[in-house]
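As structure tokens, the structure follows; a few thoughts come after it.
As the structure is a computational prediction, the values presented were derived from the model and not from experiment.
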Amino acid sequence: MKKEGLLKKGNKSALTAAIVNTIISIIKGIAFTMTGNVAMFAETMHSLGDAANQFFVYIGSALSKKMPTDRYPNGFGRLVNLVLLGAVLIVGIMSYEAIKEGYHHILHPVASTGKSIIINLIVLGIAVILESMVMYKAMKEVLHEVNVKAKGLFGIVSKSFANVGRSKPATKLVFMEDLVATIGGVIAIIGILLSYFAGWHASEGVASIIIGIMMFYVVGKVFLDNAKGVLSEADDEMEAIIAEYIFTNPEIKNIRALFAMKEGEDYHIEMKLEIDLTISLAEAIAIKNRIENKIHAMNGISDVIIEFEEHNGAISWINTIPAK
């Protein structure tokens, strides 16, 4: 596959967010240079880190779609998890810088001028609007990936929050980063207003520290989620959904084993099913094809491996999580 074609398969939300955050970081950087406002510095670091992070995510999600080769027969699905693990290091560095500068400002607060206040508020206001638009796009992408329908702004917002945990790693990262970025912009605005109108000049430093801590939360959350992806963690909820379908097939008497393992953005499914051996070979093949086709039609399934065994008369499979 050509590189150009491969890149087209990258996560679109990540690409959009990367472009928008690059523009925002440039605008914020100019505003910080003009005003020297520490809250604006934190926001510049935040947007710059998000932009770099999301560019990495876009490239990683595209490369993970590369077809298996003789050297890598299991494919490149987990590559997106490895890229995300590296990308969060960038956000971690930016988080540290934001907290450090905020702490210095609290120790040595500097009053902002009226001109700098206007510049900062305008820039942050524009940034919050742009970040909100990107986050809204990520929300719709979440719903598309988990195949959940929603109508109206409230429905999209509420259902995307409820289902973001089931979305692809790249989309989840964009969602979380832009959520924090939007909230961070509002916090920066509040800090600037408190400094200018209430005379609490340390508030800008406090805002910077809060923004840095929120960024660290994203680092920790994304790191843990993608560490699980690299280790190919089993998904109990997906296993419950598949098991519920399996038992709608009357020929299947028991599930001896079932594993739904997340590899990158997709699932690898393995199962051992018990059937009555009086079934002919042709019937068994038809049953296997029917089950494979149904599971492949589910969202995010990359491959399915099915083995049949003789039913021993006992039912051993128990769903620990009810399918939704």
Tell me, yes or no, whether the heavy-atom count around [X] atom [atom1], taken from other residues, nucleotides or ligands under 6.0 Å, exceeds 12.
| X | atom1 | answer |
| --- | --- | --- |
| Phe32 | CZ | yes |
| His296 | NE2 | yes |
| Asn147 | CG | no |

Inset, instruction - Using ring pair (Phe, Tyr, Trp, His ring centres under 6.0 Å) as the criterion, list what pairs up with Phe161, not counting sequence neighbours. - result: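 Ring pair (Phe, Tyr, Trp, His ring centres under 6.0 Å) list for Phe161, sorted by chain: Phe175.
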
Quick check: do [X] and [Y] have side-chain heavy atoms less than 4.5 Å from each other?
| X | Y | result |
| --- | --- | --- |
| Leu179 | Met176 | no |
| Phe308 | Ile287 | yes |
| Met215 | His46 | yes |
| Ile291 | Ile306 | yes |
| Lys137 | Glu141 | no |
| Ile305 | His268 | yes |
| Lys140 | Ile156 | yes |
| Lys253 | Ile275 | no |

Spell out, as yes or no, whether a donor-acceptor pair under 3.5 Å connects the side chain of [X] to the backbone of [Y].
| X | Y | result |
| --- | --- | --- |
| Asp235 | Met238 | yes |
| Thr171 | Ser167 | no |
| Ser195 | Gly191 | no |
| Asp276 | Ile279 | no |
| His201 | His108 | no |

Which pair of heavy atoms, one from [X] and one from [Y], lies closest together, and at what distance?
| X | Y | value |
| --- | --- | --- |
| Gly205 | His105 | N-CD2, 3.4 Å |
| Ala202 | Ile106 | O-CG1, 3.9 Å |
| Val219 | Gly92 | CG2-N, 3.6 Å |
| Ala39 | Ile192 | CB-CG1, 4.4 Å |
| Val123 | Ala31 | CG2-CB, 3.8 Å |
| Gly125 | Ile189 | N-CD1, 4.2 Å |

Inset, instruction - Report the residues that fulfil salt bridge (Lys or Arg N to Asp or Glu O under 4.0 Å) with Glu101, sequence neighbours left out, ordered by chain and then residue number. - result: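 So Glu101 forms no salt bridge (Lys or Arg N to Asp or Glu O under 4.0 Å) with any residue.
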
Inset, instruction - Given side-chain contact (heavy atoms from CB on, under 4.5 Å), test Ile269 with Asp303 step by step and report yes or no. - result: CA-CA 6 Å; Ile269 311 297; Asp303 62 319; over 6 Å; no

Could you grab the distance from atom [atom1] of [X] to atom [atom2] of [Y], nearest 0.5 Å is fine?
| X | Y | atom1 | atom2 | value |
| --- | --- | --- | --- | --- |
| Leu273 | Trp317 | CG | CH2 | 10.0 Å |
| Thr22 | Ile27 | OG1 | CD1 | 11.0 Å |
| Lys100 | Ser208 | NZ | OG | 11.0 Å |
| Ile99 | Ile209 | CD1 | CD1 | 7.0 Å |
| Thr182 | Met133 | OG1 | CE | 11.5 Å |
| Ile255 | Ile246 | CD1 | CD1 | 5.5 Å |

Does [X] share a hydrophobic cluster with [Y], counting links as ILVMFWY side-chain heavy atoms below 4.5 Å and allowing steps through other members?
| X | Y | answer |
| --- | --- | --- |
| Ile187 | Phe197 | yes |
| Tyr245 | Tyr267 | yes |
| Leu48 | Val38 | no |
| Ile93 | Ile213 | no |
| Leu89 | Val180 | no |

Check ion pair [X]-[Y] (N to O, under 4.0 angstrom):
| X | Y | answer |
| --- | --- | --- |
| Glu177 | Lys221 | no |
| Arg256 | Glu274 | yes |
| Glu292 | Lys288 | yes |

Legend entry - Pairs touching residues 208-232 that satisfy ring pair (Phe, Tyr, Trp, His ring centres under 6.0 Å), sequence neighbours left out: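 Of all non-adjacent pairs touching residues 208-232, none passes ring pair (Phe, Tyr, Trp, His ring centres under 6.0 Å).
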
Inset, instruction - Let me see the working for Ile301 and Met298 under side-chain contact (heavy atoms from CB on, under 4.5 Å), right down to the final yes or no. - result: CA-CA 6 Å; Ile301 306 296; Met298 296 179 181; 3.8 Å; yes

Legend entry - With sequence neighbours excluded, residues passing side chain to side chain contact (heavy atoms under 4.5 Å, CB included) with Ser47: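 Side chain to side chain contact (heavy atoms under 4.5 Å, CB included) check on Ser47 returns Asn21, Ile24, Ser25, Lys28, Glu131.
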
Inset, instruction - Starting from the C-alpha separation in whole Å, work towards a yes-or-no answer on side-chain contact (heavy atoms from CB on, under 4.5 Å) for Gln54 and Asp178. - result: CA-CA 11 Å; Gln54 289 154 355; Asp178 283 294; 3.8 Å; yes

Inset, instruction - Check which hydrophobic residues are tied to Met261 through side-chain heavy-atom contacts below 4.5 Å, counting indirect links as well, and list them. - result: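 For the cluster that includes Met261, the remaining residues are Phe259.
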
Legend entry - salt bridge (charged side-chain N to carboxylate O under 4.0 Å, His left out): pairs with one or both residues in residues 13-25, sequence neighbours excluded: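 Pairs touching residues 13-25 that pass the test: none.
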
